[in-house]
There are 2 protein chains.
Amino acid sequence: MGNQRSERVFSMPTRKLESVVSLRDIRVACKACSLKEICLPVGIDRDDLERLDSIIDRKHPLARGEHLFRVGDRFQSIYAVRSGSLKTYSTSEGGHEQVMGFQLPGELVGLDAISENQHPLAAKALETTSVCEIPFTDLESLSSQISGLQHQLLRVMSQEIRDDEQNMVILGQKSAEQRLAAFLISISNRFRRRGFSATQFNLSMSRSDIGNYLGLALETVSRLFTRFQNDGLLRVDRKHIELLDRDRLCAYSGAHCSEQQSPRESSRH
Amino acid sequence: MGNQRSERVFSMPTRKLESVVSLRDIRVACKACSLKEICLPVGIDRDDLERLDSIIDRKHPLARGEHLFRVGDRFQSIYAVRSGSLKTYSTSEGGHEQVMGFQLPGELVGLDAISENQHPLAAKALETTSVCEIPFTDLESLSSQISGLQHQLLRVMSQEIRDDEQNMVILGQKSAEQRLAAFLISISNRFRRRGFSATQFNLSMSRSDIGNYLGLALETVSRLFTRFQNDGLLRVDRKHIELLDRDRLCAYSGAHCSEQQSPRESSRH
DNA sequence: TTTAAATATTGATATAGATCAATGAATTTG
DNA sequence: CAAATTCATTGATCTATATCAATATTTAAA
């Protein structure tokens, strides 16, 4: 699928053996990981990468519906999605769920837990999902030695703030139509950036999750999908989406789409 | 006003003399600044503080309506509000403004600019406002030496992400009433944390700014203020707000108010 | 395979809050 | 200090989208 290539490079045996299963085979070095430019884009040389690699731990894949962490869990690591996808969400007292975001391959989760030393959100796998675990204290001490890493970490966090700001704009003043369009464009951009198709993908999250995330009723999401389809913008088949007219969809989203850019992917500089 | 005390401690003469006016007198050491626990809460000792201080630059106050920076400005520094307040906002192609946040004394602006090396938002003074300028490269190199500072910086950014997430909840699924209530509680908490009154304060921003920030029409904000007043929750006199029943207001906001906490103030741990 | 449980679609209706509009302070300006 | 401008309040109406409801489809379970 796409270029999820060359992930099976086996280096040293698993350092930590907390999980029982045959982790050894899954152990992959950062330097060989197809996601490495994403997790650590800039200015980290060969040696540094090796050091970084040594602190990163691959866990065995999560099944659909499994939690990576829950609200209130002690914060120890941030995670990078290697394959699959996650949703993060919080639950209000009334048991009502608020979906805060979706994490696709190459994206990080858990940065919001640093300040309180515990996870303010839960992270649940939307499908079979594997992640890299990056123990935070290790990362911190390493990044005080590797200045490029420190900077990179700050950049990633800053980007997260940007993205959240973008979402606030979307929630604060866009119409339902604009929201869904913006959402699809964002997903598309994020897939493309990871080397997947930008025009054809599967949404691993339910309509209800999308609606919740966008501040819309799921019925509205459903209706909009059919509307978009009727307008010739895309083709929907349940989870599968094919974007037929990305530009027009982008125009629908009410954003500057001149450079077919999305907030999320603009971090490359 | 409140305990905005003991700010006038004069140390060495201004290092950078970019601005013409009598900056010398305003120059105040971090270690004497009433905001120091806020900017740099933990684990920084006397010596380190002095080093930090040496990179921080006080600028002369901004007049109401003046910009601290504009969209697209090269990112060089982050800023801490010393007194007064700011709003950050972006402007869509249609010239439509989106207010992203308000910064009160002790709060930082500009963290979202790190990733792109330029400011994605503009920051404008809502009243006469003075800020500390913290050149980012200096801060970065210093924080690789002072591990407490590095951690603190990450914490602050993480907290910002948390806060934005909170705002997403508010925009995504709260009613107009809940939004305004949550907003007032948040402001109240932030004032209290800085030693100001939590029950009586002036809103430096207009109804329109509040509405824009909360994703509501200004008329709605206005109506809600009168409603809240009629309900005996508070007293409004134009910009001046007096909270009469904080608990009930908090209940209105639809959040767990058990510990009269707000997202923003929960960062102390 | 049948049954059950999610999940998705589509329609009908209700409503929170936007928008339009007019008036009244309060600030700013000349 | 008057005039102009900005800002706030209040009312009347309209609309986008939620909510309620029924059905269909898919997935999971038995």
Side-chain angles (χ1 to χ4, degrees), chain A residues 63-66 87 94 96-99 124-128 170-184 202-231 234-241 252 254, chain B residues 63-66 87 94 96-99 124-128 170-184 202-231 234-241 252 254:
Chain A
R64 175 165 196 267
E66 254 188 286
K87 75 169 175 185
H96 187 63
E97 192 171 284
Q98 161 75 34
V99 176
K124 186 196 263 189
L126 292 167
E127 58 196 310
T128 306
I170 287 169
L171 292 173
Q173 47 191 228
K174 303 279 186 178
S175 69
E177 178 176 281
Q178 292 176 315
R179 292 183 202 193
L180 187 61
F183 172 73
L184 291 171
N202 281 300
L203 294 175
S204 55
M205 65 295 288
S206 68
R207 300 288 190 266
S208 158
D209 282 339
I210 297 173
N212 186 310
Y213 173 67
L214 295 175
L216 301 173
L218 66 305
E219 293 95 327
T220 306
V221 174
S222 192
R223 279 184 246 274
L224 284 169
F225 269 124
T226 40
R227 170 129 57 96
F228 284 171
Q229 183 159 40
N230 294 338
D231 291 7
L234 46 75
R235 200 169 299 142
V236 211
D237 177 25
R238 201 155 177 85
K239 303 265 177 194
H240 187 80
I241 305 288
Y252 270 50
Chain B
R64 175 165 196 268
E66 254 187 286
K87 75 168 174 186
H96 187 62
E97 192 172 283
Q98 161 74 32
V99 176
K124 187 197 262 190
L126 292 167
E127 59 197 308
T128 306
I170 286 170
L171 292 174
Q173 47 190 228
K174 303 279 185 177
S175 68
E177 177 176 282
Q178 292 176 314
R179 294 183 201 193
L180 187 61
F183 172 72
L184 291 171
N202 282 300
L203 294 174
S204 55
M205 66 294 287
S206 68
R207 299 289 191 264
S208 158
D209 283 338
I210 297 173
N212 186 309
Y213 174 67
L214 294 175
L216 302 172
L218 69 303
E219 294 96 327
T220 306
V221 174
S222 191
R223 279 185 246 274
L224 284 169
F225 269 124
T226 42
R227 169 129 59 95
F228 283 171
Q229 183 159 42
N230 293 339
D231 290 6
L234 45 75
R235 200 170 298 143
V236 211
D237 178 24
R238 200 156 177 81
K239 303 266 175 193
H240 187 81
I241 306 287
Y252 270 52

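Heavy atoms only: backbone and side chains are in, while hydrogens, waters and symmetry mates are out. From a predicted model like this one, the values you see are computed outputs, not experimental measurements. Proteins come first, then strands; the chains are lettered A, B, ... in the order of their sequence lines, and each starts at number 1.
Rounded to 10 degrees, the angle between the two end axes of the helix from C:dT1-D:dA30 to C:dG30-D:dC1 is 50°, with five pairs used at each end.
B:R207 places a side-chain N or O within donor-acceptor distance of the main-chain N or O of B:R238, the cut-off being under 3.5 Å.
The two residues A:A63 and A:A125 have their closest heavy-atom pair at O-CB, 3.5 Å. The two residues B:I170 and B:A182 have their closest heavy-atom pair at CD1-CB, 3.8 Å.
With sequence neighbours left out, the side chain to side chain contact (heavy atoms under 4.5 Å, CB included) criterion links B:L126 to B:S85, B:K87, B:F102, B:S204, B:M205, B:D209. Contacts of B:S175 classified as side chain to side chain contact (heavy atoms under 4.5 Å, CB included), with partners at least two apart in sequence or in another chain: B:E177, B:Q178.
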Pairs under 3.5 angstrom, nitrogen or oxygen only, protein versus nucleotides 22-26 of chain D, please.
residue : atom : partner : partner atom : Å
D:dT26  : O3'  : A:R238  : NE           : 3.4

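Here the side chains of A:N212 and B:Q173 are in contact, with some heavy-atom distance below 4.5 Å. A:Q229 places a side-chain heavy atom less than 4.5 Å from the side chain of A:R235. Looking at B:F228 and B:I241, their side chains never come closer than 4.5 Å, going by heavy atoms from C-beta outward. Inter-residue side-chain proximity for B:Y213 and B:V221 is flagged as unmet; no heavy-atom pair is nearer than 4.5 Å.
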- Task: Assess whether side-chain contact (heavy atoms from CB on, under 4.5 Å) is satisfied between B:R179 and B:L171, documenting all intermediate values.
- Result: CA-CA 7 Å; B:R179 294 183 201 193; B:L171 292 174; 4.0 Å; yes
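Between chain A and DNA chain C, the heavy-atom contact criterion of under 4.0 Å yields a 5' to 3' nucleotide range of C:dT7 to C:dA12.
Residue B:L214 is tested with B:T220, B:L180, B:L224 for a side-chain contact (heavy atoms from CB on, under 4.5 Å); the sole match is B:L180.
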- Given protein heavy atoms under 4.0 Å, the one-letter contact record of nucleotides 10-21 of chain D, with B base, S sugar-phosphate only and - none, is simply BBB----SSBB-
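Between the CG atom of B:L234 and the OH atom of B:Y252 there is a distance of 9.5 Å, given to the nearest 0.5 Å.
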